[in-house]
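A short write-up of the structure that comes next.
By convention in this document, chain letters (A, B, ...) are assigned in the order of the sequence lines, proteins followed by strands, and residues within each chain are numbered from 1.
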Amino acid sequence: MTATTGGTPLPLTKKDFTSDQEVRWCPGCGDYAILSTVQSYLPSLGIPRENVVFVSGIGCSSRFPYYVDTYGMHSIHGRAPAIATGLAVSRPDLKVFVVTGDGDGLSIGGNHLLHALRRNVNITILLFNNQIYGLTKGQYSPTSEFGKITKSTPMGSLDVPFNPISLVLGAEASFVARSIDTDRAHLTSVLTAAAAREGSAFIEIYQNCNIFNDNAFQAMKDPASRDAQTIRMVHGEPLRSATTSVIRGPGGLMLVDDPAHPDAVIHDAHSVDPSFAFALSRLKAPTPIGVFRDVPRTSYDRLMGDQLAAARERQGRGDLASLLAGNDTWTVA
Amino acid sequence: MTATTGGTPLPLTKKDFTSDQEVRWCPGCGDYAILSTVQSYLPSLGIPRENVVFVSGIGCSSRFPYYVDTYGMHSIHGRAPAIATGLAVSRPDLKVFVVTGDGDGLSIGGNHLLHALRRNVNITILLFNNQIYGLTKGQYSPTSEFGKITKSTPMGSLDVPFNPISLVLGAEASFVARSIDTDRAHLTSVLTAAAAREGSAFIEIYQNCNIFNDNAFQAMKDPASRDAQTIRMVHGEPLRSATTSVIRGPGGLMLVDDPAHPDAVIHDAHSVDPSFAFALSRLKAPTPIGVFRDVPRTSYDRLMGDQLAAARERQGRGDLASLLAGNDTWTVA
Amino acid sequence: MTTRDKPVEKVSRVVIRFAGDSGDGMQVAGDRFVAETATLGNDLSTLPDFPAEIRAPAGTLPGVSAFQVQFADTQVMTPGDRPDVLVAMNPAALKSQLPLLARGGNIVLNIDELTRRNLARVGYDVDPRTDGTLDPYVVHEVPITTLTVGAVAKTGLGRKDAERCKNFFALGLMSWLYHRPTAGTLAYIDTKFADQPQVCAANRAAFEAGWSFGETTEIFAVSYQVAPATMAPGTYRNISGNVALAYGLVAASERSGLPLFLGSYPITPASDILHTLSALKRFGVRTFQAEDEIAGIGAALGAAFGGAIGVTTTSGPGVALKTETIGLAVSLELPLVIVDVQRGGPSTGLPTKTEQADLLQAVLGRNGESPVPVVAPRSPADCFHAAIEAVRIAVTYRTPVFLLSDGYLANGSEPWLIPDPAGLPIINPDFATEPNGDNGAFLPYARHPDTLARPWALPGTPGLEHRIGGLEKADVTGDISYDPANHDRMVRLRAAKVEGIARSIPPLAVEDPSGAATVLVLGWGSTYGPIAAACAQLRAAGCQVAQAHLRHLAPFPANTGEVLRGYDKVLIPEMNLGQLALLVRAKFLVDAVGYNQVRGLPFSATELAEAISALLEEDQ
Amino acid sequence: MTTRDKPVEKVSRVVIRFAGDSGDGMQVAGDRFVAETATLGNDLSTLPDFPAEIRAPAGTLPGVSAFQVQFADTQVMTPGDRPDVLVAMNPAALKSQLPLLARGGNIVLNIDELTRRNLARVGYDVDPRTDGTLDPYVVHEVPITTLTVGAVAKTGLGRKDAERCKNFFALGLMSWLYHRPTAGTLAYIDTKFADQPQVCAANRAAFEAGWSFGETTEIFAVSYQVAPATMAPGTYRNISGNVALAYGLVAASERSGLPLFLGSYPITPASDILHTLSALKRFGVRTFQAEDEIAGIGAALGAAFGGAIGVTTTSGPGVALKTETIGLAVSLELPLVIVDVQRGGPSTGLPTKTEQADLLQAVLGRNGESPVPVVAPRSPADCFHAAIEAVRIAVTYRTPVFLLSDGYLANGSEPWLIPDPAGLPIINPDFATEPNGDNGAFLPYARHPDTLARPWALPGTPGLEHRIGGLEKADVTGDISYDPANHDRMVRLRAAKVEGIARSIPPLAVEDPSGAATVLVLGWGSTYGPIAAACAQLRAAGCQVAQAHLRHLAPFPANTGEVLRGYDKVLIPEMNLGQLALLVRAKFLVDAVGYNQVRGLPFSATELAEAISALLEEDQ
Ligand SMILES: Cc1ncc(C[n+]2csc(CCOP(=O)(O)OP(=O)(O)O)c2C)c(N)n1
Ligand SMILES: Cc1ncc(C[n+]2csc(CCOP(=O)(O)OP(=O)(O)O)c2C)c(N)n1
Ligand code: SF4
Ligand code: SF4
Ligand SMILES: [Mg+2]
Ligand SMILES: [Mg+2]
């Protein structure tokens, strides 16, 4: 109870982060679970509500900000990372989240997302990957599997999907993680890891769209299969699922059907070379979840702030009159 | 002399690919060397001139199509991969090249480039990387080194650059290579390798902008240093420069100061897992040149063509009258 | 389902509105009702009206989804101003739709959902049946949920799934009430649920129960018949605007011999064109779902360079993104069709609602002098013909063309006299195949003397290799040119080419049966129906009023100024703040007055008639 | 460099044009000439004119780069119609610039470059000195290259580098001819080449040699003096439009207390604003070079949400890309300034040339009803004040604002009476700090009764947490609303807010010294200079003509209609096909006539005067 927030004393509770707006997702949508986890997690940041901002694009997922009682902007399709960049860079005192979808963030908005990550702008990006366009009623997305039959691809899609983790690692992202909508504990742990660092954090969250792409991640959730279908990555621990271990292969990493294999690779989330995280990102069934990469890098806003300070130190605070006059004047009497 | 092309008999010569337009690059620009190499290489394709199309965006590099006497389009900034996609997909009989720059292709056009690559559209992308915006007179680009002082960054740029090779590997590109403007033999070899395959080819070409970013790649060109500064990748051969070898490290690949190291890694351009190529892409000084990755994949236009054929096979050729009538009609007498 | 024991009344014209939760299947019920109505030979017009959310939580006001249809034994121009019957599946539907009903209107109310909790959720403190709220209306209380569950019980379906059949119960009831045939719907259920026999049986049971409920209970004393409308002889179907538009593009492809290429990014309310075309691969149609709107139009333009009919489909926000590429197409002078299915703006606005506020964007919204022809359909079925016209202009004049549909046309439907393909216009691509300059030179910007169109030379044509781009080009040769006089000339040539299209389009026709009207109502796009209905109402009441409707917004038909100057007053009703009015005033200096509503809904013919008659009075 | 042995003539007004290869340093020569001219107290106006290529091959027509300046002892409104002296450094410069010269014009011709090869390259089959081509002009043959190389020899610089000093030789010669002071240029050379003493010495030597050449040879019989112009007392500097605009933004930041954030993507001719602002970090200015135009404006909008003055700078193609985000800003009602430095269009067009053809894009080019105020400066120095005005409107009314500069203003320059910062307008951000609703609620769309502006509540303000977005919002609360009546109300409220800005701007002023004019010339933007010059010419010739110039294009000043209706004829000269004319005709139904040129160049005052006088005659 050291700080107050508009009369709401810290520590805050989940309720403090719940807005008065009716949630309008379909009943059963995975977005509900994510919302609830995020609302529960936010108080742990110890940041006053008014210093938290959620910026989103367009999509079912992008309705998220309406439901969180902080500052928020539901912007336009794909542009949230760009908008958040301007906000985060000019207001380093704020904690800025971006909420986006696989269409919003990887189709129309792919470029902004990747540039924000290479710059290491001080934003936490939550990408809700349901492998479908929800809001426009079910076309395939850049993460839909090859051959997917949807409204716009009645004979199956022809595009090899992006692997979002590989993609952002190729774009120099320094914090990269994956979690699952309904795994509250795991998602909270990843959010917490992201909060501990400066600069960009990218978190892919597998999210179920029960209307247009139901059960896309069911094997990773089902108590019967989930331990075999996921590799829960922990820094410093061996990489394995219930039935396999990850070992080194000639071209990268590979799986062996032996959960106790002696050469199981030890996870190193702090490897400076992103090649290790990249190799991990290529594994699937079982699929790694948790933090792929977490290496420190100065954030963009801090670098910019430092330049402003340095300029003032070297040249003094700007003086408008002398700026306007310049060096080459003459006087008419 | 088996085919003719508008009266020009095959085989063609460099001259056949030289247009009547005055070349308007600055004297000394690396673009001249690339143009000359490409014009010399084109006859080797054995394709009639009229079946070759160059599509570009905007930038000094993007003036390229004007100088090649084939069909061509100088489009708008960043959009060449999208435009070329429409052309290549609807005209599989054509050989379509995209010419772009580090700004055109990785800044404004990054998303189109990456999506074209994941789709494996049948286009060959030549990205002239001079690590600067040439045409707009010298602002830093997404490949400029951190801290670069340019007109728009008088105190140095703050962005960590993209590594174009890592980036496109993260986007599922199946043919990825790098070459150097003035190394005619090497560039020709890379172009030839690209021609041998179906689908997308991505070739980064280091290009000198002698006006705004002179000598950016000089160490890789200078006869005194070039062998030490480049790793000439050859499939099936050990990876080494004149002074170093590439060996495996814990997180990826690393360099040792021993050009005859026994554990030098053998290059495998055909590794299905892109992790190997990705690890290679992280090496610099010496910098790998040549083909990073070359794995076969069916091209997008072929997949689409196959669907059209399958639809006709299953449903018969479309009949307009029955389409318009549909299934639910009534008749007024 | 054909015995009839109750008295039957003949009526001429009926408006029905189904309303329930987004998950209640109201659009399906409406679609089926319309299919049956169409085969019965009534004229009709529909208005689906649904929220932007996929399935907002049940029972909430924002979650209400509605479907309205007007059908009659005479011509139908609009989906109707006020429903005769509102089917309200829950309190949210009741509360949100009530303002639409006239006094005396009928409400078929699902009383099972009037729980205290559901009522409170939408702000009803007391049951509206008890506090006089519903006094002005005729309320038919039906326990739809219970009856559905009961009827379906025999199929063994679980309660939740059983309840989901209630739309078919409501449909059955309305089918009985208005003597709709039932065979088509039963066949539809059989096909749709072929894989799920239990669900199939349940929906059949619910539908039949609804029908029987009408027949056997005392709820309705009479049922109604609407005689077939007198329509031109021929074979008809019902068609929505998006489907008609897609078919028009395919027809243009067939009639030009050019392959159709669609580059598109999904967006409401345009996505269904993409969906429809993606299922027409047997016509050689290539659909490309791009990574964004810019790539969608870019790919279409690339395909056009290669000789396809390049088309891109979108809505207002997508047009904004395509603006730069449209400018490139203007400069390249290549055929391209940009379909804008307009929705409520600005920005994301009201994605599922209709509006006409992209007109000025289409006509004027680009950098530089960048003229683009604009065509707009007037009704759902007319989207077919307008699409062919857009392709004709694009191909003939080598120019991007805007086709301005809107959300109402897109989702609304009407009966359509199916045209004979052989009677559709032939479009001649007139490709360049030979050099057109001296010494075998190819001059890509030498123009056709009549149309000012430039040659379209496809890659693959030997000897015509050439390069085009977005920099200003020298007249005739197409080489890059920074010459001031050349630029001025090229700007004027491009403008003249587009202006010249007016010579190829029919003059603006005026409908003025008396020939004595002094007030003209000028419209464009989807307001045709309401305007025509309003004028008909007024004429029936003895007023004289003229109507003209623009299909071409740029350029205008050559006689437009003359027509407008022939009237004392010109009224322009638009679902915007006066965009056509701005163009008309600027061009013809005619003091046209706007009647403007920006409500996301089509005009009510009655309100429009009032506005026109106010002007008629002023004019006396 | 001050002895003068030759006769001196006094003249009132001179136009000089330097022309050479892109690599010849003509822009530097021009800039230095201007700097000296300014300090001498002449009034002046400049026009840099260069190709889109960085350094097209030497000696080719497309590679020619030119710089024109007019200076005088009286007011100067334009860079001049026809040069009195053309300095032609090579045959390409001669050939391309010759059409600009009037009969009797002077040419200073570098004869060293008239080799057969160079002549042939630009299509001169014979030396133009020998076939009468140059007969109409006074040609001064100077072996500039040889003389430069000779003068520079003593510094030991290699031939290639020595030749690069020839721009300073030419500058020295022109400085002698027009009595320009030389100390400033010598100081400039010293600073610029401080690191390269040899190059420094060489350029000094070349400059002095040029001066002495004038003094000692017979080439010019006389030299000319232009007396200082009578200008308002005060301290002056020379300033270009792009720099003035950047400084205006900084001044607005200082006068509002808000930090300045620029989100931009480089594009000609706007990039220099980014360059200028990126060097002003000591003012707390943050410049962000984004990955594209959309990200540039997106970041600016994000910064505005956080309480900065969000600015984005671009040209026409960039505006096209920003369109969707501008629509979002309209819907969010946040302050934002979009600077469009217009260039030749459509599409990529003529990137380095000027044009005014983005007006309709700015005013009308968005989806939905999406009103945006538009402000345009009239001269390079006026960009400063116009920028402050744009920020004032944006902040006061919480709206995106267009600031429409153009290529001529951007690169042109003129003397500027340096303003006292304390006299500049104060801008009050008036942030929301307290709840404005019942029970401590914050209502983000409750409006200020006068301005209709909504509260601007910054993240970080406790108790005012709120969410905004691009979907339609309920009046007052800002919650998502699909209600038809609310949408109509919000559309009209947004329009009314922008219309209401007219109450805060000065009325349209008319300059009509006689008070008896019947013809009004109405302009906007950079045509101010040529129009004023043309009107002055006509008045000097005894004609009566009125001039009015719009700074606000949306909304118009409240008295605009009244002013226009006060004249028989209204002429609107524009560097487009009649865009302001369209708006004026639509709004005021005034039969305004356009005078339109789309040549990528500013109007010639003389041609304009002819056009006006034709209209004056018609009116008699
Ligand atoms: C400029 C623009 N283009 C297209 C759309 C239509 N649109 C809205 S959301 C969406 C895709 C949503 O997919 P995703 O980001 O995966 O979000 P989800 O709904 O699945 O959570 C599209 C194409 C739009 N609103 N704006
Ligand atoms: C929409 C748009 N934005 C910006 C520009 C300005 N512009 C032209 S080329 C360019 C960057 C060129 O850099 P690069 O692609 O690296 O090409 P280079 O000139 O270096 O070969 C920019 C920003 C433009 N022409 N169009
Ligand atoms: S459509 Fe899918 S993603 Fe969207 S709200 Fe419904 S379940 Fe969730
Ligand atoms: S500016 Fe640089 S990249 Fe452009 S033409 Fe000149 S040297 Fe080449
Ligand atoms: Mg999705
Ligand atoms: Mg570059």
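- Both the backbone and the side chain of B/P274 have a heavy atom closer than 4.5 Å to some heavy atom of chain A.
- Counting all heavy atoms, side chain and backbone alike, B/A310 lies closest to A/M155 at CB-CE, 3.8 Å.
- For B/L280, no part lies under 4.5 angstrom from a heavy atom of chain A.
- For a residue to count as touching a neighbouring chain, one of its non-hydrogen atoms must lie under 4.5 Å from one of that chain's; by this rule A/P142 touches chain B with backbone and side chain alike.
- For CG of B/N327, the number of neighbouring non-hydrogen atoms (other residues, nucleotides, ligands) closer than 6.0 Å is 12 at most.
- Only the side chain of B/R314 comes within contact range of chain A, with at least one heavy atom under 4.5 Å from a heavy atom of that chain.
- A donor-acceptor contact shorter than 3.5 Å links the side chain of B/R248 to the backbone of A/P250.
- Shown here is B/R312, whose CZ atom has more than 12 heavy atoms of other residues, nucleotides or ligands within 6.0 Å.
- Within the 4.5 Å cutoff, no side-chain heavy atoms of B/D273 are placed close to those of A/L253.
- Screening A/V89, A/L303, A/D306 for a side-chain contact (heavy atoms from CB on, under 4.5 Å) with B/L158, the sole residue that qualifies is A/L303.
- Annotation: maximal heavy-atom pairing with chain A below 4.5 Å, among B/M304, B/H112, B/Q307, occurs at B/Q307.
- Atom-to-atom distance recorded for B/S166:OG and A/R118:CZ is 13.5 Å, nearest 0.5 angstrom.
- Residue B/A277: no heavy atom, backbone or side chain, is found under 4.5 Å from chain A.
- Between chain A and the options B/G251, B/G109, B/P164, the largest number of non-hydrogen pairs under 4.5 Å is found for B/G251.
- A/D268 does not touch chain B: none of its heavy atoms, backbone or side chain, sits under 4.5 Å away.
- Looking at B/L113, there are no atoms closer than 4.5 Å to chain A (heavy atoms on both sides), in backbone or side chain.
- No side-chain heavy atom of B/I108 sits under 4.5 Å from any side-chain heavy atom of A/N111.
- Side-chain atoms of B/E172 never come within 3.5 Å of backbone atoms of A/V160 as a donor-acceptor pair (strictly under, hydrogens ignored).
- Among A/P154, A/G249, A/S281, A/S107, the residue with the largest count of heavy-atom pairs under 4.5 Å with chain B is A/S107.
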### Task
Please test B/L114 against A/L114 for side-chain contact (heavy atoms from CB on, under 4.5 Å), starting from the C-alpha separation and ending with a verdict.
CA-CA 11 Å; B/L114 299 178; A/L114 299 179; 3.4 Å; yes

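- In this pair, B/H115 and A/F162 present their aromatic rings perpendicular. The plane angle is above 60°, beyond the 30 to 60° band.
- Contact record, B/A279 with A/S275: CA-OG, 3.2 Å, taken as the closest heavy-atom pair.
- Using a 4.5 Å cut-off between heavy atoms, B/M254 does not touch chain A at all.
- For residues 282-301 of chain A, a heavy-atom distance under 4.5 Å to chain B picks out A/R282, A/R297, A/Y300, given by residue number.
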